[in-house]
Amino acid sequence: MRNVPGTVSIVTTGRAPNRHGLTLTAGCSLSAAPPSVLVCVNRSAGAHDTILGSGSFCWNILGVEHRDLALKFSGQDGSKGDIRFGDGLWCDLKTGAPSLVGAVCSFDCRVVNAYSDTSHTIFTGEVVAQTTRAGCESLVYIDGCFAAPKAV
């Protein structure tokens with residue numbers, strides 16, 4: 001699996017002071033009509049139960065300039081919960097889940113389904129609001145390293 005490149009994102013949920021978020025590469029678009037996405041969240045993650053309880057999440061696609069934020073939300077510095085939101089600029093779109101200002105794009109979603117499978121839950125979400133920032137380079141993760149995709 002380390003050889004499969006993934007878009008680096010932060011999935012967020014909840015409202016201050018009970019916000020949670022995590023870095024993940026297991027997310028993708030699901031359909032264009034209606035616009036929907038899916039994200040796979042480990043059941044041991046702090047955000048997992050908050051997504052279930054709130055019924056919403058925001059899938060924030062990171063740019064190359066967000067590498068440090070990706071590390072913070074991966075828990076490598078030991079931070080958990082709302083303290084992770086001390087870095088970056090965050091706003092609410094429609095559901096109240098935190099949206100990263102300056103993300104490549106952010107999809108604010110209402111949970112439609114939650115499927116439990118092994119250690120993760122697959123959440124599907126209907127996109128109820130979104131933001132997009134043109135002209136930026138997405139951050140990817142492959143073979144244990146962050147990278148920037150290059151045009152061919």
Side-chain angles (χ1 to χ4, degrees), residues 1-31 35-131 138-149:
M1 296 299 181
R2 289 176 61 96
N3 291 315
V4 177
T7 301
V8 181
S9 60
I10 295 174
V11 171
T12 56
T13 188
R15 295 178 186 260
N18 297 313
R19 295 177 292 184
H20 291 276
L22 69 150
T23 300
L24 62 76
T25 57
C28 65
S29 61
L30 183 59
S31 68
S36 57
V37 302
L38 70 79
V39 295
C40 304
V41 178
N42 193 305
R43 286 196 300 274
S44 68
H48 181 273
D49 291 348
T50 306
I51 293 171
L52 283 174
S54 69
S56 64
F57 64 89
C58 190
W59 184 38
N60 300 279
I61 309 302
L62 302 184
V64 293
E65 69 276 17
H66 298 121
R67 180 185 175 279
D68 290 343
L69 204 54
L71 290 170
K72 181 172 209 64
F73 275 79
S74 72
Q76 291 188 23
D77 66 354
S79 66
K80 295 182 181 196
D82 203 68
I83 195 74
R84 291 182 178 174
F85 294 88
D87 293 338
L89 182 59
W90 302 90
C91 70
D92 297 341
L93 297 179
K94 193 168 182 180
T95 69
S99 173
L100 176 62
V101 174
V104 173
C105 50
S106 295
F107 300 96
D108 190 23
C109 300
R110 179 184 63 79
V111 173
V112 175
N113 287 300
Y115 304 98
S116 182
D117 187 37
T118 62
S119 60
H120 287 66
T121 297
I122 302 164
F123 291 101
T124 62
E126 174 189 9
V127 178
V128 296
Q130 81 169 66
T131 63
S138 295
L139 183 64
V140 298
Y141 191 76
I142 185 168
D143 198 20
C145 298
F146 290 109

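Index from 1, following the sequence.
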Under the side chain to side chain contact (heavy atoms under 4.5 Å, CB included) rule, what do Val11 and Ile51 come out as? Steps first, then yes or no, please. CA-CA 10 Å; Val11 171; Ile51 293 171; 4.0 Å; yes
Starting from the C-alpha separation in whole Å, work towards a yes-or-no answer on side chain to side chain contact (heavy atoms under 4.5 Å, CB included) for Asn60 and Trp90. CA-CA 11 Å; Asn60 300 279; Trp90 302 90; 4.2 Å; yes
Are Asn18 and Thr50 close enough, and set up right, to give a side chain to side chain contact (heavy atoms under 4.5 Å, CB included), and what steps lead you there? CA-CA 8 Å; Asn18 297 313; Thr50 306; 6.0 Å; no
Evaluate the ring pair (Phe, Tyr, Trp, His ring centres under 6.0 Å) criterion for residues Phe57 and His20: first the C-alpha distance (whole Å), next the side-chain angles of each, then the deciding distance (0.1 Å), finally the verdict. CA-CA 10 Å; Phe57 64 89; His20 291 276; over 10 Å; no
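With rounding to the nearest 0.5 Å, the separation of CG in Leu71 from NE2 in His66 is 13.0 Å. For the atom pair CG (Asp87) and CG (Leu100), the distance works out to 11.0 Å, reported to the nearest 0.5 Å. From Lys72, atom NZ reaches atom CD1 of Ile83 across 7.0 Å, with rounding to the nearest 0.5 Å. Distance OG/Ser99 to CG/Leu89: 9.5 Å, rounded to 0.5 Å. With rounding to the nearest 0.5 Å, the separation of CG in Leu24 from CH2 in Trp59 is 8.5 Å. Separation of atoms CZ (Arg84) and OG1 (Thr12) is listed at 12.0 Å; rounding is to 0.5 Å.
Contact check for Thr124 versus Leu30: side-chain heavy atoms found under the 4.5 Å cut-off.
Taking each heavy atom of Leu69 and Thr23 in turn, the nearest pair found is O-OG1, 4.3 Å. Taking every heavy atom of both residues into account, Ala114 and Leu52 meet most closely at CB-CD2, 4.1 Å. Pairing each heavy atom of Ala70 with each of Val8, the nearest pair is CB-CG1, 3.8 Å. Of all non-hydrogen atoms in Val37 and Cys109, the two that sit nearest each other are CG2-SG, 3.6 Å. Here the closest heavy-atom approach between residue Leu22 and residue Ala47 is recorded as CD2-CB, 3.5 Å. Of all non-hydrogen atoms in Asp82 and Pro17, the two that sit nearest each other are CB-O, 3.4 Å.
A donor-acceptor pair is defined here as one N or O able to donate and one able to accept, closer than 3.5 Å; no such pair exists between the side chain of Arg110 and the backbone of Ser56.
Geometrically, Arg67 does not engage Phe146 in a cation-pi contact defined by less than 6.0 Å to the ring centre and at most 45° from the axis.
Arg15 and Ser54 share no side-chain donor-acceptor pair at under 3.5 Å.
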